[in-house]
Amino acid sequence: MTMQDDRARKELLITIIAGLLDGIRHVAVGASSPIPAAGAMLLRARNEQQGKPPISISILGSSRHNFFTNGGVELFDCAAQGRVDAFFLGGGQIDGAGNINLVGTGDYPRMDVRWPGSFGSAYLYHLIPRVILFREEHSPRVLVPKVDFVSAAAVTPEVKRRGGPHALLTNLALFDFDRERGGFRLRSVHPGYTADDVRDRTGFDYAAPEIVPPTPMPDRATVELIRGRIVDELAECYPEFARTMAAAA
Amino acid sequence: MTMQDDRARKELLITIIAGLLDGIRHVAVGASSPIPAAGAMLLRARNEQQGKPPISISILGSSRHNFFTNGGVELFDCAAQGRVDAFFLGGGQIDGAGNINLVGTGDYPRMDVRWPGSFGSAYLYHLIPRVILFREEHSPRVLVPKVDFVSAAAVTPEVKRRGGPHALLTNLALFDFDRERGGFRLRSVHPGYTADDVRDRTGFDYAAPEIVPPTPMPDRATVELIRGRIVDELAECYPEFARTMAAAA
Amino acid sequence: MAEMVGLEALVASIAAGQSIAIPVDRAGVSMAATAAMIDAGLTGLHLVCVPISGLQADLLIGAGVASVVETSAVSLGEAGGAPRFVAAVRDGSIKLRDATCPAIHAGLLAGQKGVPFMPIAGIIGSDLLQVRPDWKVIDSPVGEPGKVVVVPAITPDVALFHAPEADRFGNVRIGRYRELATMAYAAKRTLVTVERIVDRDLMATEDSAAGVLPALYVDAIAVAENGAWPLPLWDEYETDGAELSRYAAMARTDEGFRAYLSAFLSRSKQVA
Amino acid sequence: MAEMVGLEALVASIAAGQSIAIPVDRAGVSMAATAAMIDAGLTGLHLVCVPISGLQADLLIGAGVASVVETSAVSLGEAGGAPRFVAAVRDGSIKLRDATCPAIHAGLLAGQKGVPFMPIAGIIGSDLLQVRPDWKVIDSPVGEPGKVVVVPAITPDVALFHAPEADRFGNVRIGRYRELATMAYAAKRTLVTVERIVDRDLMATEDSAAGVLPALYVDAIAVAENGAWPLPLWDEYETDGAELSRYAAMARTDEGFRAYLSAFLSRSKQVA
């Protein structure tokens with residue numbers, strides 16, 4: 001992929017994320033998640049331009065973009081209070097029921113592949129209304145029929161919850177999650193790919209419209225906003241990422 | 001009572017309290033408890049003079065004598081952690097089983113006499129090893145057979161606890177509390193009173209030795225320490241009390 | 001996020017029948033908002049005293065604003081018992097929810113954590129368990145067998161307090177009085193009066209940020225100079241003991257209380 | 001109360017088999033004490049990562065100091081996975097106690113409060129409940145019927161962290177990193193390394209006191225300049241990313257790890 005292509009890919013993902021976040025007041029973003037952060041910043045900038053209510057972005061682990069004063073537990077408390085509207089989770093594996101696995105593959109505990117661990121996923125998935133599953137790699141080894149270890153479960157009818165998956169975004173496509181049915185539905189396929197590509201590279205089953213629309217590309221104003229203000233804002237927290245984006249110009 | 005007699009009474013109580021606290025590392029004292037605070041300060045001064053381990057005194061509600069930085073809950077957490085060795089409780093009523101009543105007399109809720117409320121007593125009585133019941137008034141209306149409302153219970157065999165009453169100190173006498181038996185035992189009677197005075201003015205039954213010793217008066221060194229250093233230290237937190245003590249000289 | 005408003009607007013957002021968390025005297029009591037609440041004719045409020053109260057609760061009870069009082073004590077401290085509280089208990093005009101200090105902190109902590117209850121040490125054997133049927137004694141589900149008290153979450157509709165300063169972003173300086181943060185975390189809305197708005201960003205340094213309640217939890221801020229008077233405000237002013245004694249004496253009778261209240265309200269209006 | 005000691009004496013008070021709470025990278029990790037612990041030949045430690053760890057846990061695992069690892073994740077962050085952790089999981093040389101971040105905070109909070117357990121939102125449906133039989137699902141004893149997860153109290157034998165400064169009374173500046181206070185409240189003993197001892201009293205003003213862990217909770221303090229390196233220390237220095245990458249590359253093999261460790265330990269000795 002050329003640097004320009006890679007930048008276009010990132011700009012597309014950033015634009016989709018801004019759309020997925022529309023309407024929220026407070027989004028939390030992981031310390032090493034520049035694309036989600038950029039999506040949130042794009043929405044914030046747009047809301048400002050359009051005179052819509054401001055949105056707050058908490059970047060975990062950053063001391064500059066940290067609205068918290070009660071230590072590491074505050075994000076979790078804040079989510080439990082209903083004060084965090086959106087968050088991003090990835091997953092070494094994501095299955096068709098929306099469950100995610102951050103622990104590893106094979107039999108626990110001596111797994112074949114061990115990942116870092118569940119972090120806050122088992123908790124936040126229950127409490128944050130719009131959890132966006134964001135995983136750039138779109139392959140059958142990531143998108144599996146059933147995860148080997150459920151770090152966080154998507155649907156738990158045995159307990160009341162406000163949180164859960166809202167959408168799944170990859171390099172290939174965007175899926176919505178249907179909490180009633182407990183599964184994904186393909187919303188759109190990114191330019192350069194077909195619905196068949198998505199079906200081939202997805203290990204789980206999902207619903208899809210008869211004609212799958214292409215994911216809309218960012219318009220010129222959006223692209224300019226990203227290349228200008230958003231790259232500048234990113235530079236504070238994600239200098240390396242901002243540099244790559246700028247270098248592609 | 002003359003000012004000198006009143007000062008002697010206070011000096012006696014302060015000295016007894018210092019003795020009751022001997023061996024502790026950390027004592028917490030209420031904001032409006034100058035005599036307990038003075039007792040703690042006396043022990044601290046003595047320990048210093050004798051090269052014994054230092055003791056910490058937390059005066060609640062004071063910002064100068066406040067070792068805490070986690071708000072009003074910290075004393076309670078600290079007690080639960082086993083980091084507070086001694087504390088003082090009073091009581092509108094104290095009964096022979098060591099139960100205390102800070103709520104009122106008569107039938108709850110529309111009581112005949114209503115006092116402020118239980119404060120932290122229901123909790124701290126379970127958690128602080130040496131709770132010293134300190135009530136200057138020694139009368140049958142205070143020292144009752146059975147309290148009208150148990151703010152805090154002294155003995156609860158149904159649950160493990162490290163805390164509870166250690167002694168009861170009044171203007172007339174000093175009692176030890178026997179946790180096994182769940183009752184008081186008269187230790188000594190203050191100068192000027194007899195064991196019969198105590199029996200007459202106590203509404204509950206208690207054990208007593210055949211010959212009840214008099215409470216020892218403070219020695220000259222102790223009196224000098226109180227009138228000097230302790231009154232100075234008291235002046236910071238309890239200016240009015242320190243003034244009265246000094247005025248009696 | 002925090003809106004800067006006037007005192008009247010601040011209390012106008014409190015509705016009859018709501019629960020309202022208020023702090024202990026030394027932690028920053030908004031007496032200015034208390035006067036405005038009485039003046040606005042609010043009724044049926046459920047006070048949650050964190051964990052005790054004094055003049056503020058007594059005024060709100062005496063003025064008929066509070067109808068439920070959840071507290072570990074109501075007392076004027078050195079000025080003695082709280083006369084309107086005592087009178088209201090006797091004539092049954094308030095519903096009492098007697099508590100013990102750490103249980104109120106624990107209930108708010110459950111609110112902060114979004115859990116339905118919080119376990120708490122001690123309490124067993126106390127008659128509080130008889131008068132608080134919402135507190136339960138359970139067998140510990142983990143570790144050694146044993147009884148443990150659990151108290152339900154407290155999630156006040158409103159948290160109200162007074163602080164020395166807020167910045168223009170709505171961050172509020174609370175120093176070591178972290179119960180103010182707990183109140184705000186647990187409450188649906190948080191209203192704050194302050195001595196002043198400062199120009200510097202209170203979140204700018206690690207030292208200053210440590211003592212700050214972030215704007216995220218603050219709904220509205222009103223400036224009220226001397227807004228805790230006659231109660232104290234840390235780093236700012238001490239208790240006005242003479243005024244408290246005057247109140248304690250006057251409030252012994254209903255007429256005396258009315259006279260005090262009337263003067264208190266007109267004084268507050270002049271200041272505001 | 002806090003004693004001022006040397007690094008060796010600080011870690012000499014940790015015994016084989018004890019549980020030790022250590023903070024997340026950005027909150028102040030005592031890498032200086034980590035080197036001293038490895039050097040002292042400690043074994044069988046039970047790490048409680050609050051709530052995750054990186055280089056510190058990986059070194060302690062690789063050096064054979066840690067045999068139980070209770071954590072929500074072990075990762076070198078941008079430098080990738082934690083190689084010795086991954087290798088130890090595969091060869092079964094450590095006992096895993098997988099968790100989720102707020103559950104570790106909740107367990108410590110139970111320790112702080114002296115209660116046997118703490119309820120926590122969420123988690124239901126996660127396989128963590130299968131691999132952590134000490135976590136229970138109960139019916140809420142209050143409020144609406146519903147399932148709630150409860151986790152047992154965590155009361156570490158030792159809490160260990162690095163901070164910018166302590167004063168001569170043993171008060172330690174922790175800023176907004178309040179998990180350090182939670183660790184200390186819950187732990188039986190707290191050991192702290194600091195960049196320096198300062199002359200001013202950290203409790204002197206309301207602003208500075210708000211960010212302080214009082215000496216009451218601190219057992220021993222050792223000065224260790226640059227003591228978090230190559231991890232960051234707030235207000236002081238950033239992560240040494242090149243060093244972390246170098247570690248990540250070398251620690252892929254056992255031999256590479258040994259070589260890194262040997263250099264790390266001799267460097268630490270020269271500094272100390």
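Excluded from the calculations below are hydrogen atoms, water molecules and symmetry mates; all remaining heavy atoms, backbone and side chain alike, are included. From a predicted model like this one, the values you see are computed outputs, not experimental measurements. Below, chain A is the first sequence line, B the second, and so on; all start at residue 1.
- Between chain D and the residues C:Pro164, C:Pro141, C:Pro152, the largest count of heavy-atom pairs under 4.5 Å involves C:Pro141.
- For the atom pair D:Ser140 OG and C:Lys136 NZ, the distance stands at 10.5 Å (nearest 0.5 Å).
- One distance of note links OG1 of D:Thr205 with CG of C:Asp235; it measures 7.5 Å at 0.5 Å rounding.
- Atom NZ in C:Lys113 sits 8.0 Å away from atom CE in D:Met118 (nearest 0.5 Å).
- In this structure, no portion of D:Ile174 lies under 4.5 Å from any heavy atom of chain C.
- For chain D, the option among C:Gly143, C:Ala110, C:Ala106, C:Pro116 with the highest count of heavy-atom pairs below 4.5 Å is C:Pro116.
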Check: C:Val142 and D:Val150: side-chain contact (heavy atoms from CB on, under 4.5 Å), yes or no, with the steps?
Finding: CA-CA 8 Å; C:Val142 306; D:Val150 298; 4.1 Å; yes
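- Interface check for chain C: of the options D:Ser208, D:Gly114, D:Gly175, the most heavy-atom pairs under 4.5 Å are formed by D:Gly175.
- Summarising the geometry of D:Pro119 relative to C:Pro119, their closest heavy-atom pair is CD-CD, 3.5 Å, with the distance given to 0.1 Å.
- Listed here is the closest heavy atom pair of D:Gly211 and C:Ala210: CA-CB, 3.5 Å.
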